[in-house]
K.L.:
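My questions all concern the structure below.
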Protein chains: 2
Amino acid sequence: MTSFYSEKHKFLLAVDCIIFGFHEGELNVLLLHRSFEPEKGKLSLPGGFLKENESLNDAAIRVLNELTGLENLYMEQVHTFGDVHRDSGERVVSVAYYALININDYDTSLLGKYNAIWVKSTDMPNLVFDHSEMVQSARHALCQRAAIEPVGFNLLPEKFTLPQFQTLYEAIYGEVLDKRNFRKKVLSMNVLEKLNEKDKLSSKRGAFLYRFNEEKYKEFISKGYDFTI
Amino acid sequence: MTSFYSEKHKFLLAVDCIIFGFHEGELNVLLLHRSFEPEKGKLSLPGGFLKENESLNDAAIRVLNELTGLENLYMEQVHTFGDVHRDSGERVVSVAYYALININDYDTSLLGKYNAIWVKSTDMPNLVFDHSEMVQSARHALCQRAAIEPVGFNLLPEKFTLPQFQTLYEAIYGEVLDKRNFRKKVLSMNVLEKLNEKDKLSSKRGAFLYRFNEEKYKEFISKGYDFTI
DNA sequence: GCAAAAGTGTTGCCATTACACCCATGA
DNA sequence: TCATGGGTGTAATGGCAACACTTTTGC
């Protein structure tokens with residue numbers, strides 16, 4: 001007796017990753033110069049094909065690791081793109097993931113190795129296939145997520161200043177926030193610990209460094225509060 | 001020269017649909033008794049395999065149409081499930097979609113034809129594979145969507161009463177809402193037209209019927225207001 | 001007349017917003 | 001001393017939640 005599954009068509013499956021980094025007050029996305037046909041040389045998202053004994057998530061983790069050298073990145077599935085002719089080479093269904101990295105952890109020598117560039121998300125060039133749409137979707141997903149969960153910290157170094165933190169959220173939301181209101185809200189959550197150090201890189205006076213405290217966050221959540229910035 | 005795409009592994013791709021209907025104050029989901037091995041006889045979501053020259057969305061539309069006889073259903077992609085062993089038969093990656101139908105439009109003779117049943121979403125039995133997780137994800141996605149866009153109307157007949165409408169949102173959100181506040185908010189949006197008819201099925205006094213007005217809604221949105229219930 | 005659901009306004013509170021000046025420091 | 005970015009508090013507003021009684025009508 002033949003299986004029900006037989007004679008069904010099979011497809012190439014890819015994951016494409018929108019890797020966000022935060023640099024100079026802007027969200028940046030890591031792009032590649034595509035190294036193979038079709039569309040060779042054009043800009044594209046980093047991606048890879050799903051392997052036989054690999055889950056989708058693992059494929060995304062693999063692609064992210066290959067490209068950044070980093071592990072345990074924060075990532076989230078965004079959407080699956082399945083138009084018949086979305087890839088001009090062959091039929092490929094692609095699952096988009098976004099990831100957040102602390103751009104300081106990124107080894108810039110990899111840029112040369114992979115012919116990669118960081119591009120400001122406010123200033124995205126055209127990408128191959130439907131990759132521009134993927135970036136749009138990812139930005140939207142990140143915006144929604146960041147509003148309700150503390151994922152933004154993944155884009156910052158361990159120690160960061162409140163002005164940095166605010167600029168990050170301004171970049172994510174694409175709007176400017178009131179300094180006093182922002183600080184009031186963030187500090188009232190009691191999830192940041194203030195350090196006795198200042199960062200003097202961006203001002204003469206210097207700004208106090210803070211650190212996200214997982215324990216405090218759990219406590220905050222356990223009291224039924226929600227993290228909405 | 002061989003294509004870069006060659007020698008990559010290919011996969012079975014499925015779509016599984018969470019079809020929501022609203023009945024007797026509850027969200028219901030359409031389930032099938034699985035008609036083939038493995039897990040034959042167990043309850044599962046309706047689904048189907050992606051075809052060679054078909055987009056993912058078209059596959060979902062096809063499955064929905066087959067099962068309900070309805071066209072132009074509201075639907076949304078939810079998430080893609082890609083664990084290696086999620087399907088105990090063979091490796092299958094599945095894209096979950098949810099759809100909203102006016103349960104009165106549903107031809108109940110189809111229940112027999114497909115060995116299908118409507119099940120209250122508050123009272124879901126165990127489903128095959130990861131289908132229960134799919135339902136969870138779909139409920140969550142619907143909840144989010146319904147809060148910001150008027151998709152709930154797809155679950156109601158063209159004419160409906162405010163008590164019905166409120167009960168729908170209570171079912172979607174899983175919490176009871178204050179009658180006066182709810183009516184105040186909904187009516188203040190000015191997107192419903194009140195009809196000169198009453199529905200007397202659920203009370204002696206009867207409740208006025210309303211109809212969603214697309215034009216009014218567009219006007220409402222164009223003024224920069226947002227539909228948050 | 002009574003049970004059962006429909007319909008209707010007001011008030012208080014809290015969260016969000018708007019807003020302007022002083023501080024510390026390096027150059 | 002001045003230019004630059006860091007840091008601080010208050011008042012007004014509007015949106016949201018809480019809340020109870022009257023109406024209608026079939027039985």
K.L.:
Within this structure, what is the CZ-to-P distance between B:Phe165 and C:dG7, rounded to whole angstrom?
P.N.:
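Going from CZ in B:Phe165 over to P in C:dG7 covers 14 Å.
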K.L.:
Whole angstroms only, please: what is the CG-P distance between B:Leu201 and C:dA6?
P.N.:
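The answer, rounded to whole Å, is 11 Å.
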K.L.:
Taking the six-membered ring of A:Phe208 as reference, does the cationic atom of A:Lys198 (NZ for Lys, CZ for Arg) lie under 6.0 Å from its centre and within 45° of its axis?
P.N.:
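A:Lys198 over A:Phe208 ring: yes.
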K.L.:
If you restrict it to nitrogen or oxygen atoms, what contacts under 3.5 Å exist between nucleotides 24-27 of chain D and the protein, and what is each distance?
P.N.:
from	atom 1	to	atom 2	distance (Å)
D:dG26	OP1	B:Lys200	NZ	3.3

K.L.:
What is the separation between atom CG on B:Leu162 and atom P on C:dT8, rounded to the nearest whole Å?
P.N.:
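Taking atom P of C:dT8 as the reference, CG of B:Leu162 is at 9 Å.
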K.L.:
What's the CG-P distance between B:Leu192 and C:dG7, to the nearest Å?
P.N.:
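The distance from CG of B:Leu192 to P of C:dG7 comes to 13 Å, rounded to the nearest Å.
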K.L.:
Calculate the interatomic distance between A:Asp199 atom CG and D:dT4 atom P; express it in whole Å.
P.N.:
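The distance from CG of A:Asp199 to P of D:dT4 comes to 19 Å, rounded to the nearest Å.
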K.L.:
Base, sugar-phosphate, or nothing: which does B:Thr161 touch, judged by heavy atoms less than 4.0 Å apart?
P.N.:
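Answer is nothing: B:Thr161 stays at 4.0 Å or more from every strand.
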K.L.:
In this structure, how many angstroms lie between the P atom of D:dG5 and the CZ atom of A:Arg183, rounded?
P.N.:
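Interatomic distance, CZ of A:Arg183 to P of D:dG5: 15 Å.
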K.L.:
Verify whether the ring centers belonging to B:Phe160 and B:Phe153 lie closer than 6.0 Å.
P.N.:
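Centroid distance B:Phe160-B:Phe153: below 6.0 Å, so yes.
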K.L.:
Do B:Glu193 side-chain atoms and B:Arg211 backbone N/O form a donor-acceptor pair below 3.5 Å?
P.N.:
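Not a single qualifying donor-acceptor pair exists.
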K.L.:
Which word best sums up how the rings of B:Tyr98 and B:Phe20 line up, parallel for under 30°, tilted for 30 to 60°, or perpendicular for over 60°?
P.N.:
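Taking B:Phe20 first and then B:Tyr98, their aromatic rings stand perpendicular (interplane angle over 60°).
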K.L.:
Do you know which two heavy atoms are closest between B:Ile117 and B:Leu43, and how far apart they sit?
P.N.:
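Heavy atoms of B:Ile117 and B:Leu43 come nearest at CD1-CD2, 3.8 Å.
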K.L.:
Is there a side-chain contact (heavy atoms from CB on, under 4.5 Å) between A:Leu67 and A:Leu110 once you walk through the steps?
P.N.:
CA-CA 7 Å; A:Leu67 231 94; A:Leu110 293 171; over 6 Å; no
K.L.:
Should the ring pair B:Tyr217 and B:Phe227 be called parallel, tilted or perpendicular, given that the plane angle runs from 0 to 90° and is split at 30 and 60?
P.N.:
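The rings of B:Tyr217 and B:Phe227 stand perpendicular, inter-plane angle above 60°.
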K.L.:
If a protein heavy atom is under 4.0 Å from the base, mark B; if only from the sugar-phosphate, S; if neither, -; do that for nucleotides 11-21 of chain D going 5' to 3'.
P.N.:
------BBBB-
K.L.:
Rounded to whole Å, please give me the gap between CZ in B:Phe208 and P in D:dT23.
P.N.:
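These atoms are roughly 16 Å apart.
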K.L.:
Between atom CG in B:Leu209 and atom P in C:dA6, what is the gap in whole Å?
P.N.:
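Going from CG in B:Leu209 over to P in C:dA6 covers 12 Å.
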K.L.:
Less than 4.0 Å between a side-chain N and a carboxylate O, is that true for A:Glu219 and A:Lys223?
P.N.:
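So A:Lys223 pairs with A:Glu219 through a salt bridge.
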K.L.:
Is the side chain of A:Ser94 donor-acceptor paired with the backbone N or O of A:Phe81 at a distance under 3.5 Å, no angle test?
P.N.:
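The answer is no, because no donor-acceptor pair under 3.5 Å joins these two groups.
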